[in-house]
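Here is the structure we will look at.
Everything numeric in this text was worked out from a predicted model, so none of it was measured. Note that ligands are numbered from 1 as they come in the structure, with each ligand's atoms numbered from 1 the same way. Heavy atoms only: backbone and side chains are in, while hydrogens, waters and symmetry mates are out. Just so you know, residue 1 is the first one in the sequence shown, and it goes up from there.
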Amino acid sequence: MNGKPVHAAQSLFPVAGGCLQVGGIPLTRLAQRVGSTPFYAYDRALLSARVAQVRTHLPPGLALHYSMKANPMPALVQHMAGLVDGIDVASAGEMKVALDTGIDPARISFAGPGKRDAELVQSVAAGVVLNVESEHELEALARIGDTLGLAPRVALRVNPDFELKGSGMRMGGGAKPFGIDAEAVPALLARVGALGLDFEGLHIFSGSQSLKASAIVEAQANTIELGLRLAQYAPTPLRRLNIGGGFGIPYFPGEAALDLGPIGEHLAAWLPKFEAALPRAQLAIELGRYLVGEAGVYVARVIDRKVSRGQVFLVTDGGLHHHLAASGNFGQVIRKNYPVAIGNRMDAGDAGPASVVGPLCTPLDILADQMPLGHAEPGDLVVVFQSGAYGRSASPAAFLGHPEAAEVLV
Ligand SMILES: *Cc1c(COP(=O)(O)O)cnc(C)c1O
């Protein structure tokens with residue numbers, strides 16, 4: 001009968017009459033409403049539910065930021081702006097989207113190496129917090145502040161002397177282009193004071209996509225301790241310590257969802273000590289993927305069904321040009337299948353393994369490799385789950401000149 005594996009993420013989306021529902025709308029109807037395939041669809045109720053779930057586990061008083069590089073769709077960022085305490089951006093382009101939501105600019109922070117002078121001018125004029133990544137950037141910012149007659153709001157991004165163990169992408173520890181080496185921070189904090197900049201606090205981000213609560217707890221303890229140590233050198237009292245995030249979501253067979261319980265308990269235990277040491281400061285975490293990744297699906301239509309030497313290939317109108325991560329070419333070492341299903345035939349039994357490929361003339365254009373799927377015909381809708389983060393905006397849309405994917409928030 002039905003031998004298809006069902007990924008936990010799939011159960012977030014109800015099925016009625018064999019058809020997956022997104023935002024309460026049957027997928028076939030949603031495809032008609034969008035007017036074209038492929039498209040990304042994000043479910044706003046799932047986004048809200050995820051933020052609420054995080055908040056029930058984390059202690060009140062801890063600020064929750066959305067890291068919008070995970071998904072910069074303006075309507076989605078607008079939705080998130082009403083749910084979180086801050087938005088973290090990584091370019092002036094993202095900053096514009098964040099400002100357009102109407103959120104207080106002081107609750108926007110801008111991190112990223114290699115900020116150009118024009119971006120620094122825009123950020124200072126906007127009044128957002130800049131997470132400064134180098135001495136060069138700090139000096140440039142001070143000059144720009146003088147020219148504009150404004151005091152830039154400055155936090156220092158620290159490259160810690162440890163990393164988030166077992167994380168998919170390490171962004172701290174050792175030699176890194178991100179942030180200021182922890183040992184160089186005291187001297188730069190003195191410089192912030194000498195330059196008369198408006199000091200906000202510290203930002204310490206050690207990694208991404210971790211599914212191990214114990215590793216996150218350990219990194220957070222190290223991060224808070226480092227923050228408290230460095231705070232002794234601050235020119236004025238810290239207003240914020242951003243300890244990063246790194247919460248992962250399960251993509252592949254054998255991966256289990258992150259347990260927020262121990263993380264919340266650990267932060268709740270820390271908070272009184274933190275507040276005693278830095279009474280003016282707020283402790284913040286920043287999450288991208290964890291808040292939005294599971295709320296989104298990518299939908300492509302089957303154009304052709306081919307059998308080549310006994311293997312079934314479902315050729316769709318979507319592929320790596322829209323969804324690089326699902327093709328396995330965005331940071332994966334060994335390619336594994338994202339959870340995939342035939343969205344308009346959810347009740348169909350396992351029809352044996354099939355590969356889902358895209359229209360690009362490259363063997364890299366794979367959405368599913370020899371995966372147990374229901375039978376599918378041209379016209380059917382292939383759904384890739386876990387697609388709400390690092391999807392459309394993290395894909396090479398211009399490669400081969402096919403149309404771009406639409407995006408809807410439902
Ligand atoms: C990318 C990034 C994030 C978000 O990471 P997720 O894995 O999506 O949560 C947060 N902070 C910084 C500084 C980043 O560069």
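Taking only nitrogen or oxygen atoms, main chain and side chain alike, Arg157 does not reach within less than 3.5 Å of ligand 1. The distance criterion of under 3.5 Å between nitrogen or oxygen atoms is met by Gly288 with respect to ligand 1.
Under the 3.5 Å distance criterion, the side-chain polar atoms of Arg191 are left unmatched by any main-chain donor or acceptor of Pro186. For Thr316 (side chain) and Gly318 (main-chain N/O), a donor-acceptor pair under 3.5 Å exists by modelled atom type. Remark: the backbone N or O of Asn131 is paired with a side-chain donor or acceptor of Lys115 at under 3.5 angstrom.
Counting heavy atoms under 4.0 Å from ligand 1, residue Tyr390 touches it through the side chain alone. For Ala111, no heavy-atom contact with ligand 1 is shorter than 4.0 Å.
Residue contact check for ligand 1: Tyr290 places no non-hydrogen atom closer than 4.0 Å to it.
Near His203, with a cut-off below 4.0 Å to any heavy atom, the atoms of ligand 1 are 13 (C). Annotation for ligand 1: atoms under 4.0 Å from non-hydrogen atoms of Glu286 are 10 (C), 11 (N), 12 (C), 13 (C). Numbered from 1 in the order shown, with element, the atoms of ligand 1 that lie under 4.0 Å from a heavy atom of Arg289 read 6 (P), 7 (O), 8 (O), 9 (O).
Between Ala405 and Arg392, the closest heavy-atom pair is O-NE, 2.7 Å. Smallest separation of non-hydrogen atoms from Asp85 and His65: C-CD2, 4.2 Å. Pairing each heavy atom of Ser206 with each of Ala219, the nearest pair is OG-CB, 3.9 Å.
Scanning Glu133, Gln209, Lys69 for the heavy atom closest to atom 1 (C) of ligand 1 points to Lys69.
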Please report, to 0.1 Å, the donor-acceptor pairs under 3.5 Å made by any side chain of residues 250-263, with sequence neighbours excluded.
{"from": "Tyr251", "atom 1": "OH", "to": "Arg289", "atom 2": "NH1", "distance (Å)": "2.9"}
{"from": "Glu255", "atom 1": "OE1", "to": "Tyr251", "atom 2": "N", "distance (Å)": "2.7"}
{"from": "Glu255", "atom 1": "OE1", "to": "Phe252", "atom 2": "N", "distance (Å)": "3.0"}
{"from": "Asp259", "atom 1": "OD1", "to": "Gly261", "atom 2": "N", "distance (Å)": "3.0"}

